[in-house]
S.K.: 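One structure coming up, written as structure tokens, with questions to follow.
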Amino acid sequence: NAGVTQTPKFRVLKTGQSMTLLCAQDMNHEYMYWYRQDPGMGLRLIHYSVGEGTTAKGEVPDGYNVSRLKKQNFLLGLESAAPSQTSVYFCASVPGAALNTGELFFGEGSRLTVL
Amino acid sequence: SQQGEEDPQALSIQEGENATMNCSYKTSINNLQWYRQNSGRGLVHLILIRSNEREKHSGRLRVTLDTSKKSSSLLITASRAADTASYFCATDTGRRALTFGSGTRLQVQP
């Protein structure tokens, strides 16, 4: 059982380039999340999805887009990367209704550097 | 601004000692969770405490919750070098997503 898998694990971009981070979970979870982690800032929510075909903005959504075309996948896109988007990105999932009682399952992170 | 703030930001103790870290939050919650993150890894869930609970235990972990003070504490007893990690509190405010604090970095010296 792979759990939550993020690809790629590392990426270096130049300012203005675009890229997509892929998150895949094999636990049939309804809810999926993208967080970013910066030094001293903890995790901040970028976007999330409560089901296939639905997405919603989190705390820091600007500069990012997301899609949830399949229940098991949650994609995070950067259309025009900026140095401020240098960060470690984490995907997480949870069964859904269990959010009030259960735990988030995290991927191992994707480290993105924008030059 | 962060919903949860951990205190202290960093903590260094000797193996065998107890480690206590605190979390304060701002709005009412459904539950509060604690996560651990080893360096360069993803977060792993440790324990969840519901808003109507005051204390919960799991192995060497003890969590307390004081909703009147909007605060929680995580106690790790008889710490081990393997407990070295960052610890985060996260609050569920019913908005379908958890809000994380900035974390406490724990260093356990062997």
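Keep in mind the model is a prediction, meaning the values are calculated, not measured.
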S.K.: Is it true that A/Y89 and A/V114 fall in one hydrophobic cluster, defined by side-chain heavy atoms closer than 4.5 Å?
M.R.: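 Yes, same cluster.
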S.K.: Could you look at A/F105 and say if it's the side chain, the backbone, both or neither that has a heavy atom under 4.5 Å from chain B?
M.R.: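 Neither; nothing under 4.5 Å.
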S.K.: Hey, which of A/D38, A/V50, A/V88, A/V4 has the most heavy atom pairs under 4.5 Å with chain B?
M.R.: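 Ranked by contacts with chain B, first place is A/V50.
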S.K.: In Å and rounded to the nearest 0.5 Å, what is the CD to CD1 distance from A/E103 to B/I47?
M.R.: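 Rounded to the nearest 0.5 Å, the CD-CD1 separation comes out at 11.5 Å.
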S.K.: Mark yes when over 12 heavy atoms from residues, nucleotides or ligands other than B/R80 sit less than 6.0 Å from its CZ; otherwise mark no.
M.R.: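 No - once you tally the heavy atoms of other residues, nucleotides and ligands closer than 6.0 Å, there are 12 at most.
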S.K.: Is it the case that the side chain of B/Y35 and the backbone of A/L104 share a donor-acceptor pair, with hydrogens and angles ignored and the cut-off at 3.5 Å?
M.R.: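 Yes; judged by distance alone, with no hydrogens or angles, the pair exists.
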S.K.: What's the shortest heavy-atom distance between B/R95 and A/Y48, and which atoms?
M.R.: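 In this case the closest contact between B/R95 and A/Y48 is O-OH, 3.8 Å.
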S.K.: What's the separation between atom CZ in B/R41 and atom CZ in A/F106, rounded to the nearest 0.5 Å?
M.R.: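 B/R41 CZ to A/F106 CZ: 14.0 Å, rounded to 0.5 Å.
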S.K.: Can you establish whether the number of heavy atoms outside B/Q9 located under 6.0 Å from its atom CD is more than 12?
M.R.: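 Result for CD/B/Q9: open.
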S.K.: Which bit of A/Q37 is near chain B, if near means a heavy-atom gap under 4.5 Å: side chain, backbone, both or neither?
M.R.: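 The side chain, not the backbone.
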S.K.: Heavy atoms only: give me the nearest B/F88-A/G42 pair and the separation to one decimal.
M.R.: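 B/F88 and A/G42 have their closest heavy atoms at CE2-CA, 4.0 Å.
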S.K.: Let me check something: do B/W34 and B/L106 share a hydrophobic cluster, defined by ILVMFWY side-chain heavy atoms less than 4.5 Å apart, either directly or through other members?
M.R.: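 Yes; tracing contacts between hydrophobic side chains, which count when under 4.5 Å, links both residues.
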S.K.: Check whether A/L13 and A/Y64 end up in the same hydrophobic cluster, where Ile, Leu, Val, Met, Phe, Trp and Tyr are linked by side-chain heavy atoms less than 4.5 Å apart.
M.R.: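 Yes, one cluster joins them.
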S.K.: According to a hydrophobic-cluster definition based on side-chain heavy atoms being under 4.5 Å apart (Ile, Leu, Val, Met, Phe, Trp, Tyr only), do A/V94 and B/L98 belong together?
M.R.: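 Looking at the clustering, B/L98 is in the same group as A/V94.
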S.K.: Under the side-chain contact (heavy atoms from CB on, under 4.5 Å) rule, what do A/L43 and B/L43 come out as? Steps first, then yes or no, please.
M.R.: CA-CA 10 Å; A/L43 275 74; B/L43 280 73; 4.0 Å; yes
S.K.: Just wondering, are more than 12 heavy atoms of other shown residues or ligands nearer than 6.0 Å to CD in A/E52?
M.R.: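 Yes, because the 6.0 Å sphere around CD of A/E52 holds more than 12 heavy atoms from other groups.
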